[in-house]
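Remember, it's a predicted structure, so these values are computed and weren't measured experimentally.
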Amino acid sequence: MEEAKSQSLEEDFEGQATHTGPKGVINDWRKFKLESQDSDSIPPSKKEILRQMSSPQSRNGKDSKERVSRKMSIQEYELIHKEKEDENCLRKYRRQCMQDMHQKLSFGPRYGFVYELETGEQFLETIEKEQKITTIVVHIYEDGIKGCDALNSSLTCLAAEYPIVKFCKIKASNTGAGDRFSLDVLPTLLIYKGGELISNFISVADHFAEEFFAGDVESFLNEYGLLPEREVHALEHTKIEEEDIE
């Protein structure tokens, strides 16, 4: 009699929206999962299995066998798709981190091209009045000097790929300090941040092959940690991940 009463109480509790005990908690979880997820995001077969498994179960042998069969089906389904779902979840997390990073990188002024400085006063003003978070790369050059034209072309490409970095160029004869920038030290790269000179490279073309390009200059600057995350590469990487998730 007590056993029958206990069984009846168990059935009564399983028929309610809130259950107690391990079995009741599992059923509640299945109902919550079915109700809380967007119906379009759940495959019809899985939705039906979840619905069946969250419903009160009968006590006859046939229903018990079907119950076991349904339980095995959902376990197999989740086992097969768990790895893919976990991978998608990880990719979404990485995408969110990437977007957060993009937002931080996008904070502050943006440039996108190489500024031609005409005088020493413009040079000093650029260094002193630019925001402290901005990295400034200045190319000291002269026409006809080996490596200067190639470096100007390279910096033009890098300016488009690193719009939060301010790239500038100025002829040595216009700096007001031509004696400090003699032809034998050109091309020279000066890197500033917060009004301070953080790196300088005289005769920088000597670090490259006779013919060099933007990628060579980029790698060189990255060796010294002078460039931020390249936005074009980061955005393309995020786009590829989004396509994989879809």
Which residues share a ring pair (Phe, Tyr, Trp, His ring centres under 6.0 Å) with F181, sequence neighbours left out: none

Say you draw a straight line from CZ of F208 to CG of L151; how long is it, rounded to the nearest 0.5 Å? 7.0 Å

Please determine whether side-chain contact (heavy atoms from CB on, under 4.5 Å) holds for the pair L186 and I140, giving the CA-CA distance in whole Å, both sets of side-chain angles, and the decisive distance to 0.1 Å. CA-CA 7 Å; L186 301 182; I140 313 295; 3.8 Å; yes

Approximate separation, where rounding is to 0.5 Å, of I198 CD1 and T135 OG1: 5.5 Å

Set of residues satisfying side chain to side chain donor-acceptor pair (under 3.5 Å) with respect to D206, sequence neighbours excluded: none

First locate atom CG of N174, then atom NZ of K169, and finally report the distance between them rounded to the nearest 0.5 Å. 12.0 Å

Intermediate values then yes/no, side-chain contact (heavy atoms from CB on, under 4.5 Å), L158 and V217: CA-CA 9 Å; L158 293 182; V217 179; 3.8 Å; yes

Rounded to the nearest 0.5 Å, what separates atom CD in E196 from atom CD1 in I136? 11.5 Å

Could you please spell out the steps behind the side-chain contact (heavy atoms from CB on, under 4.5 Å) verdict for I191 and L189? CA-CA 7 Å; I191 293 85; L189 277 182; 4.3 Å; yes

Return each pair, listed once, that meets ring pair (Phe, Tyr, Trp, His ring centres under 6.0 Å) where at least one residue sits in residues 116-160; pairs must be two or more places apart or across chains. H139-Y141

For this output row, return yes or no: ring centroids of Y111 and Y162 closer than 6.0 angstrom. no

Y224 vs F201, test: ring-ring contact (aromatic ring centres under 6.0 Å, His included). Steps then yes/no. CA-CA 11 Å; Y224 293 89; F201 305 97; 5.0 Å; yes

For the student: nearest non-hydrogen atoms of S154 and A214, plus distance: OG-N, 3.3 Å

Pairwise salt bridge (charged side-chain N to carboxylate O under 4.0 Å, His left out) hits with a residue in residues 207-226, at least two apart: E218-R230

Going hydrophobic residue to hydrophobic residue with side-chain gaps under 4.5 angstrom, can you get from I170 over to V114? no

Checking K166 against E130 for the side-chain contact (heavy atoms from CB on, under 4.5 Å) test, could you report, in this order, the C-alpha distance in whole Å, the side-chain angles of both residues, the deciding distance, and whether it holds? CA-CA 9 Å; K166 187 170 186 177; E130 196 56 71; 3.1 Å; yes

If I take atom CG from residue L197 and atom CG from residue L190, how far apart are they, to the nearest 0.5 angstrom? 6.0 Å

Are L117 and I127 joined in one hydrophobic group, where the rule is that I, L, V, M, F, W and Y side chains link up if heavy atoms are under 4.5 Å apart? yes

Treat each ILVMFWY residue as a node, draw an edge where side-chain heavy atoms are under 4.5 Å apart, and state whether V137 and F212 are in one component. yes

Within a strict 4.5 Å, meaning less than it, do heavy atoms of the T188 and V204 side chains meet? no

Residues two or more places apart in sequence or in another chain: which of them pass ring pair (Phe, Tyr, Trp, His ring centres under 6.0 Å) with F113? Y115

Say whether I202 and F220 are linked into one hydrophobic cluster, either directly or through other cluster members, by side-chain heavy-atom distances under 4.5 angstrom. no

Heavy-atom pair with the smallest gap, counting every atom of C168 and T126: SG-CG2, 4.1 Å

Check whether any side-chain heavy atom of V165 sits under 4.5 Å from a side-chain heavy atom of T134, and report yes or no. no

Going by the rule side chain to side chain donor-acceptor pair (under 3.5 Å), which residues pair with S182 if we only count those two or more places apart in sequence or in a different chain? D184

Does the salt bridge (charged side-chain N to carboxylate O under 4.0 Å, His left out) test come out yes or no for E142 and K171, once each step is laid out? CA-CA 5 Å; E142 282 291 349; K171 289 185 176 181; 5.2 Å; no

Point-to-point distance, once rounded to the nearest 0.5 Å, from CG of L221 to CG of L227: 4.5 Å

